> 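Following this message is one structure expressed as structure tokens.
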Amino acid sequence: MEREGKPSGISEVERAIAEALLRWYETHRRDLPWRRRRDPYAIWIAEVMLQQTRVETVIPYYERFLARFPTLQDLAAAPLEEVLKAWEGLGYYARARHLHEAARRLMEERGGEFPRTLAEWRRLPGVGPYMAAAILSIAFGQDIVALDGNAIRVLARLFAFDQDPRRPAGRRQLQQRAERLLPSGQAGAFNQALMDLGATLCTPKSPRCPECPLRAFCAAYAQGNPEAFPVRAPRRMLPHYDVTAGVIEADGRVLIAQRPLQGMLGGLWEFPGGKVEPGESLEECLQRELREELGIEVEVGEPLLTLRHTYTHMRITLHVFRCRIRSGTPQPIGCADVRWVPIAELDRYAFPRTDQRIVEWLRQEGSSSLTRQTTGRSRT
DNA sequence: AAGCCGTGGAG
DNA sequence: TCTCCAAGGCT
């Protein structure tokens with residue numbers, strides 16, 4: 001008794017798995033902001049933000065972003081700077097640049113109409129195989145499997161899948177096996193059910209198998225080693241770098257530079273500086289960086305603060321110094337732009353986390369020195 | 001193919 | 001303090 005529109009040879013077990021999954025999802029699905037609506041724009045924004053990012057982290061960003069850019073038209077019409085500001089602190093900033101560029105293209109080339117095929121979605125910057133499938137299944141109800149990290153983990157355990165799902169061959173294999181499970185007309189629920197299951201029960205460490213609706217079908221559970229799946233590659237050691245940054249104040253303003261649009265933290269603003277080279281002192285590094293990036297000669301003053309930070313592929317210790325310009329006028333030589341900004345207006349610019357901490361420090365320093373001044377004046 | 005790309009929370 | 005890693009995509 002084959003159902004229509006499905007691959008042939010769907011077994012009773014495969015049907016039972018999908019049924020158990022969907023039944024569990026009906027009662028256990030998480031109430032998330034982007035699940036309260038079904039328009040492609042909202043789903044798209046959520047999917048971009050959720051890349052490699054926890055739900056709890058995304059929610060406040062999502063709410064603010066949709067309030068600020070309610071429609072595709074609003075997003076396309078906005079300056080990139082405002083989109084980056086809305087993204088500030090969320091990380092992986094290329095997502096914001098790609099999202100903005102894609103919105104502009106959708107408006108210009110399609111009159112604001114969203115694609116309805118995988119191939120068309122994939123042509124948009126920032127849209128990969130997962131996101132295209134997720135949007136089409138969730139927002140358009142198309143019968144397409146969307147495998148994210150959660151779904152991959154759930155399925156790898158369900159099948160005790162011994163290949164590496166990050167490699168193309170393993171990925172294709174898992175995709176095919178997932179498609180056999182997909183109940184037609186319910187791909188959106190099916191995909192999200194796998195994600196919720198992976199996020200809440202079938203977690204990377206200490207999965208809560210006793211509560212799992214798929215326990216009876218799970219090969220890894222039967223073997224007693226669910227944590228062994230999916231197979232993962234060993235981690236590499238993170239290199240460490242010493243980095244310097246300069247705070248240059250003049251006439252009540254502080255100098256900030258915008259990072260090049262491409263590459264790490266692209267388009268964000270920072271206090272200029274850079275990596276210390278072998279055999280170089282912190283002061284020498286800062287002088288060299290400011291000469292190379294801004295074309296100015298500086299005198300390095302007092303150290304202000306030291307920050308540690310871990311990025312995806314390196315750790316840094318950031319040494320922040322006050323600096324004074326000896327000669328030259330700052331120009332955007334090794335950066336996208338340069339600006340003198342009153343400390344009170346720094347919050348208009350998008351900074352990476354480390355520089356946000358410097359901004360915070362400057363504000364406190366400013367208010368405390370203001371307190372000192374006020375106290376001093378009152379005594380005079 | 002494999003390295004790059006942020007951040008914060010959990011354990 | 002340290003490791004792991006979360007609704008991936010780009011080059």
Side-chain angles (χ1 to χ4, degrees), chain A residues 29-30 32-35 42-62 84 87-99 101-102 121-139 145-155 164-171 188 190-200 202-206 227 230 232-240 259-268 270 307-318 350-357:
Chain A
R29 73 196 295 260
R30 292 175 289 176
L32 303 170
W34 43 91
R35 286 183 177 167
I43 302 296
W44 179 33
I45 302 299
E47 290 301 337
V48 176
M49 286 190 171
L50 285 163
Q51 273 182 35
Q52 304 290 285
T53 310
R54 292 184 146 72
V55 164
E56 316 84 70
T57 304
V58 164
I59 289 175
Y61 280 92
Y62 175 83
L84 285 173
W87 211 269
E88 181 185 45
L90 197 51
Y92 286 126
Y93 299 96
R95 292 183 296 176
R97 284 184 275 119
H98 291 150
L99 180 62
E101 173 60 23
W121 271 105
R122 288 294 304 278
R123 280 191 212 108
L124 295 170
V127 178
Y130 162 75
M131 212 158 49
I135 294 169
L136 285 174
S137 64
I138 296 170
V145 168
L147 297 186
D148 74 322
N150 287 310
I152 286 172
R153 184 172 55 257
V154 171
L155 295 175
D164 186 342
R166 286 176 306 277
R167 301 175 65 86
R171 182 58 178 270
F190 177 83
N191 290 331
Q192 294 181 87
L194 281 178
M195 295 186 223
D196 274 23
L197 190 58
T200 61
C202 197
T203 48
K205 283 173 287 187
S206 307
E227 287 193 37
R232 41 178 167 267
R235 290 248 311 180
R236 307 158 48 84
M237 257 267 296
L238 298 181
H240 173 273
R259 297 178 60 90
L261 248 42
Q262 305 303 322
M264 179 152 145
L265 305 171
L268 273 66
E270 67 178 2
L307 302 170
R308 292 179 213 295
H309 192 72
T310 304
Y311 295 104
T312 309
H313 58 292
M314 64 176 165
R315 311 170 190 279
I316 66 163
T317 302
L318 180 61
F351 292 93
R353 273 295 182 240
T354 50
D355 294 81
Q356 278 186 281
R357 292 200 199 114

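First the proteins, then the strands, lettered A, B, ... as listed; each starts at 1. Note that these values count all heavy atoms, side chains included, but never hydrogens, waters or copies made by symmetry. The structure presented is a predicted model; accordingly, all values stated were derived computationally and were not measured.
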> When we call it a touch if two heavy atoms are under 4.0 Å apart, what does A:Arg35 touch: a base, just sugar-phosphate, or nothing?
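Result for A:Arg35 = base.
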> For A:Leu32, answer base if it contacts any base atom (sugar-phosphate contacts may also be present), sugar-phosphate if it contacts only those atoms, and nothing otherwise; contact means non-hydrogen atoms under 4.0 Å.
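A:Leu32: base contact, heavy atoms under 4.0 Å.
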> Assess whether one donor atom and one acceptor atom, taken from the side chain of A:Thr312 and the base of B:dG6, lie less than 3.5 Å apart.
yes
> For the pair made of NE2 in A:His309 and C1' in C:dT1, what is the distance, rounded to whole Å?
16 Å
> Could you check whether A:Ala146 gets within reach of a base, just the sugar-phosphate, or nothing at all, counting any heavy atom under 4.0 Å?
nothing
> Check whether any side-chain N or O of A:Arg95 sits under 4.0 Å from OP1 or OP2 of C:dG9, and answer yes or no.
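Indeed not, no polar side-chain atom of A:Arg95 lies that close.
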> Once you apply a heavy-atom cut-off of 4.0 Å, does A:Met49 come out as touching a base, just sugar-phosphate, or nothing?
nothing
> Between P on B:dG6 and CZ on A:Arg315, what's the gap in Å once rounded to a whole number?
17 Å
> If you check every side-chain atom of A:Arg353, which of B:dG6, C:dA7, B:dT7 has the closest atom?
B:dT7
> At under 4.0 Å between heavy atoms, what does A:Arg122 touch on the DNA or RNA strands: base, sugar-phosphate, or nothing?
nothing
> Taking atom types as they are modelled, is there a donor-acceptor pair under 3.5 Å from the base of C:dA7 to the side chain of A:Arg30?
yes
> Using a 4.0 Å heavy-atom cut-off across all strands, classify A:Arg308 as base, sugar-phosphate, or nothing.
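A:Arg308: no heavy atom of the nucleic acid under 4.0 Å.
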> Using atom CZ of A:Arg235 as one end and atom C1' of C:dC2 as the other, report the distance to the nearest whole Å.
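In whole Å, C:dC2 C1' lies 11 Å from A:Arg235 CZ.
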> Using a 4.0 Å heavy-atom cut-off across all strands, classify A:Trp44 as base, sugar-phosphate, or nothing.
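It contacts nothing in the nucleic acid.
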> Distance from A:Trp34 atom CH2 to A:Ile45 atom CD1, nearest 0.5 Å?
12.0 Å
> From CG of A:Leu238 over to P of C:dC2, roughly how many Å is that when rounded to an integer?
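It is 11 Å, rounded to the nearest whole Å.
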> Between A:Tyr311 and A:His313, is the gap from one ring center to the other below 6.0 Å?
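Judged by ring-centre distance (under 6.0 Å), A:Tyr311 and A:His313 do not meet the cut-off.
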> Rounding to an integer number of angstrom, what distance separates C:dA7 and B:dG3 when you compare their P atoms?
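Looking at atom P only, C:dA7 and B:dG3 are 23 Å apart.
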> Output the single nucleotide from C:dG9, B:dC5, C:dA7 whose closest atom is nearest the side chain of A:His313.
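So the side chain of A:His313 is nearest to B:dC5.
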> Quick check on C:dA7: is either OP1 or OP2 less than 4.0 Å from any side-chain nitrogen or oxygen of A:Gln51?
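No.
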> With a 4.5 Å cut-off on side-chain heavy atoms, are A:Phe351 and A:Arg357 touching?
no
> Closest-nucleotide mapping onto DNA chain C: is A:Gln192 or A:Gly126 further toward the 5' terminus? I mean the 5' end.
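Counting from the 5' end, the first nearest nucleotide belongs to A:Gln192.
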> Does A:Leu90 reach a base, just sugar-phosphate, or nothing at all? Heavy atoms under 4.0 Å.
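If one applies the 4.0 Å heavy-atom cut-off, A:Leu90 turns out to touch a base.
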> Any base atoms under 4.0 Å from A:Gly198, or only sugar-phosphate, or nothing? Heavy atoms, all strands.
nothing
> At under 4.0 Å between heavy atoms, what does A:Val58 touch on the DNA or RNA strands: base, sugar-phosphate, or nothing?
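The residue A:Val58 makes no contact with any strand.
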> Remember a base hit wins even if backbone is also touched, and classify A:Met195 as base, sugar-phosphate or nothing at under 4.0 Å, heavy atoms.
base
> Let's see if you can work this out: which of B:dG6, C:dA6, C:dC10 has an atom nearest to the side-chain heavy atoms of A:His98?
C:dC10
> Select one nucleotide: of B:dC4, C:dC5, C:dG8, the one nearest the side-chain heavy atoms of A:Tyr92.
C:dG8
> Specify the separation, in whole Å, of atom CD1 of A:Ile59 and atom C1' of C:dA7.
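Going from A:Ile59 (CD1) to C:dA7 (C1'), I get 12 Å.
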> Between P on B:dG11 and CZ on A:Arg54, what's the gap in Å once rounded to a whole number?
10 Å
> Looking only at non-hydrogen atoms, find the nearest pair between A:Leu194 and A:Asn150 and report the distance.
O-CB, 4.3 Å
> Hey, does A:Arg95 have a side-chain heavy atom less than 4.5 Å from the side chain of A:Gln52?
no
> Closer than 4.0 Å, any side-chain N/O of A:Arg97 to the OP1 or OP2 of C:dC10?
no
> Less than 4.0 Å between a side-chain N and a carboxylate O, is that true for A:Asp196 and A:Arg29?
no
> Contact class for A:Thr310 (heavy atom, under 4.0 Å): base, sugar-phosphate, or nothing?
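Counting heavy atoms under 4.0 Å across all strands, the contact made by A:Thr310 includes a base.
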> Taking atom P in both C:dG9 and B:dG8, what distance in whole Å separates the two?
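C:dG9 and B:dG8 have their P atoms separated by 23 Å.
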> From CD of A:Glu56 over to C1' of B:dA10, roughly how many Å is that when rounded to an integer?
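Atom CD in A:Glu56 sits about 11 Å away from atom C1' in B:dA10.
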> For A:Lys205 and A:Gly266, take the nucleotide of DNA chain B holding the closest heavy atom to each; which residue's nucleotide lies nearer the 5' end?
A:Gly266
> What is the separation between atom CG on A:Leu147 and atom P on C:dG8, rounded to the nearest whole Å?
11 Å
> Closest nucleotide of DNA chain B for A:Tyr93 versus for A:Arg167: which of these residues is on the 5' side?
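Final value for this comparison: A:Arg167.
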> Backbone N or O of A:Glu270 within a donor-acceptor pair of the A:Arg259 side chain at under 3.5 Å?
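Absent.
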> Using distance alone, with no hydrogens and no angle criterion, decide if A:Tyr130 and A:Glu47 have a side-chain donor and acceptor under 3.5 Å apart.
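On atom types as modelled, these side chains qualify, holding a pair under 3.5 Å.
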> The side chain of A:Met131 is closest to which nucleotide in this list: C:dG9, B:dG6, C:dA7?
C:dG9
